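Take a look at the structure set out below.
If you're wondering where the values come from, they're calculated on a predicted model, not measured in any experiment.
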Amino acid sequence: MEKTTENLLIWYAKHKRNLPWRESINPYQIWLSEIILQQTRVDQGTAYYLRFISAFPTVFDLAKADEESVLKLWQGLGYYSRARNLRLAAQMVVEKFNGQFPTSYDLLLTLKGVGPYTAAAIASIAFNEPVPVVDGNVFRVISRLMASDLPIDRPSGLKFTREQMLRLIPSNEPGNFNQAVMELGAMVCKPVNPDCNACPIQTQCLAHASKITSNLPVKAGKQKVTALNIRYAMVIFKDQIMVRLRSEKGIWQGLYDFPELTFEHDEIGCLHEAESLFGTKMTFVKRSSTFTHLLSHRRISADVFVLQAEQLPIIGKDCQLIALSALTTVPVPRLVEKMLPLAENLI
DNA sequence: AACGCGGGGAG
DNA sequence: CTCCCAGCGTT
């Protein structure tokens, strides 16, 4: 067993809080507590848990309650669909599973209001299935332990966290391990001012070793979407295409893209601007599936118009001029990442 | 992939 | 005051 796992289990056995739902491994009680604790702090949820257990001691009592009384008991907790799904799930357990909670992660997932986190929590705590939980605490502990800067709100960060938990989880007591990681996140490895001196895995913690604990976990956050309507001139000469280096100011500083035209948004304006810019008569001939494909492949939505000069302009024989109109709704930070390789491909 | 759900705490 | 939290269902 990993030293990290061992230290966590020993620490948990000694320091875990005495919470009412930890007094048994009855799946009904584990399930009820996990639903209540979704998006809810322990000190707010505890009183609700006790009232629910008192009003509905078994899953049968909850299944035959009317929705009104369940909602009344839930009053003040928020996210009321949890309460409605709670009753529906209880009815599913009674009707589809003969009153016995399903014992596997996959079957637990079929219950209303039970998603990947809750199914893993119940399966591991009540049925010893070695499936890792991933919640906010786990994201924090794992990203710091491994000094991972993968964004936890993106698929890459979720995948990494699951893999690391899978690596560390012991098959003999997965429930205690899952709870240990979450408890550590709640009590020691806190979002701000973590108590690293009290941490049982400080020695293994790569963030602590690099003194970057306060920078983790990393979140990509909501990307602000900015619409940009850009018209490019693409000047192609034989097997070469003209790109320009953007200035050091504004977006895409120092990156390559095509020469930008500043004309109005309709095609006629585009035509006139291009004609005066390049000093020759021009006309639209077709939409270019090639460039549309090039851009959409890179997840930039774009309209592409191809202009063909009647006479080949400035550069001379074998030169083709193309105007490319790109209306993008890509988050600016992402577009920056994509512009450089796009230009590099064409250079 | 993005949004809505809600009360509570932080800034 | 506004912003953010964090699992789940829906679209």
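Across all strands shown, A:Gln38 has heavy atoms under 4.0 Å from sugar-phosphate atoms exclusively, and none from any base. Using a 4.0 Å heavy-atom cutoff across all strands shown, A:Pro191 reaches no nucleic acid atom at all. At the heavy-atom level, A:Thr40 lies nowhere under 4.0 Å from the strands shown. Residue contacts shown for A:Val134 are limited to sugar-phosphate atoms, with no base heavy atom under 4.0 Å away. If you check every strand for non-hydrogen atoms under 4.0 Å, A:Val192 touches nothing.
Side-chain atoms of A:Tyr117 stay outside donor-acceptor range of the base of C:dG7, with no qualifying N/O pair under 3.5 Å.
Contact annotation: A:Gln44 side-chain N/O to B:dG8 OP1/OP2 distance is under 4.0 Å. Phosphate contact (OP1/OP2 of C:dC5, side-chain N/O of A:Lys219, threshold under 4.0 Å): present. The shortest distance between the side-chain N/O atoms of A:Ser81 and the OP1/OP2 oxygens of C:dC8 is not below 4.0 Å. OP1 or OP2 of C:dA6 has not a single side-chain nitrogen or oxygen of A:Tyr79 nearer than 4.0 Å. Within the structure, a side-chain polar atom (N or O) of A:Lys112 is placed less than 4.0 Å from OP1 or OP2 of C:dT10.
A donor-acceptor contact closer than 3.5 angstrom links the side chains of A:Thr40 and A:Arg82.
A donor-acceptor pair is defined here as one N or O able to donate and one able to accept, closer than 3.5 Å; no such pair exists between the side chain of A:Ser124 and the backbone of A:Pro130.
Rounded to an integer number of Å, the gap from A:Gln75 CD to B:dG7 P is 10 Å. Regarding A:Arg140, its CZ atom lies at a distance of 17 Å from the P atom of C:dC4, rounded to whole Å. A straight line from CG of A:Asp153 to P of C:dC8 spans 17 Å, rounded to a whole angstrom. Following rounding to the nearest Å, A:Leu86 (CG) and B:dC5 (P) show an atom-to-atom distance of 20 Å. We find that CG of A:Asn193 is positioned 9 Å from P of B:dG11, with the value rounded to whole Å. Following rounding to the nearest Å, A:Arg82 (CZ) and B:dG7 (P) show an atom-to-atom distance of 10 Å. As a whole-Å value, the separation of A:Leu77 CG from B:dG6 P is 11 Å. Atom CG of A:Leu158 is separated from atom C1' of B:dA1 by 14 Å (rounded to the nearest Å).
For A:Pro155, the side-chain atoms get nearest to B:dA1 when compared with the rest of B:dA1, C:dG9, C:dA6. Of all nucleotides listed (C:dG7, B:dG7, B:dA1), B:dG7 comes nearest to the side chain of A:Arg41.
Between A:Trp74 and A:Tyr48, the distance separating the two ring centers is not shorter than 6.0 angstrom.
Across C:dT11 and B:dG6, the matching P atoms stand 15 Å from one another, rounded to whole Å. Annotation: B:dG11 and C:dA6 have their P atoms spaced 14 Å apart (nearest Å).
A:Trp31 and A:Phe101 have tilted rings, their planes meeting at an angle from 30° to 60° on a 0 to 90° scale.
In A:Glu163, the CD atom is crowded: over 12 heavy atoms of neighbouring residues, nucleotides or ligands sit closer than 6.0 Å. Within a 6.0 Å radius of NZ in A:Lys159, other residues, nucleotides and ligands contribute 12 heavy atoms or fewer.
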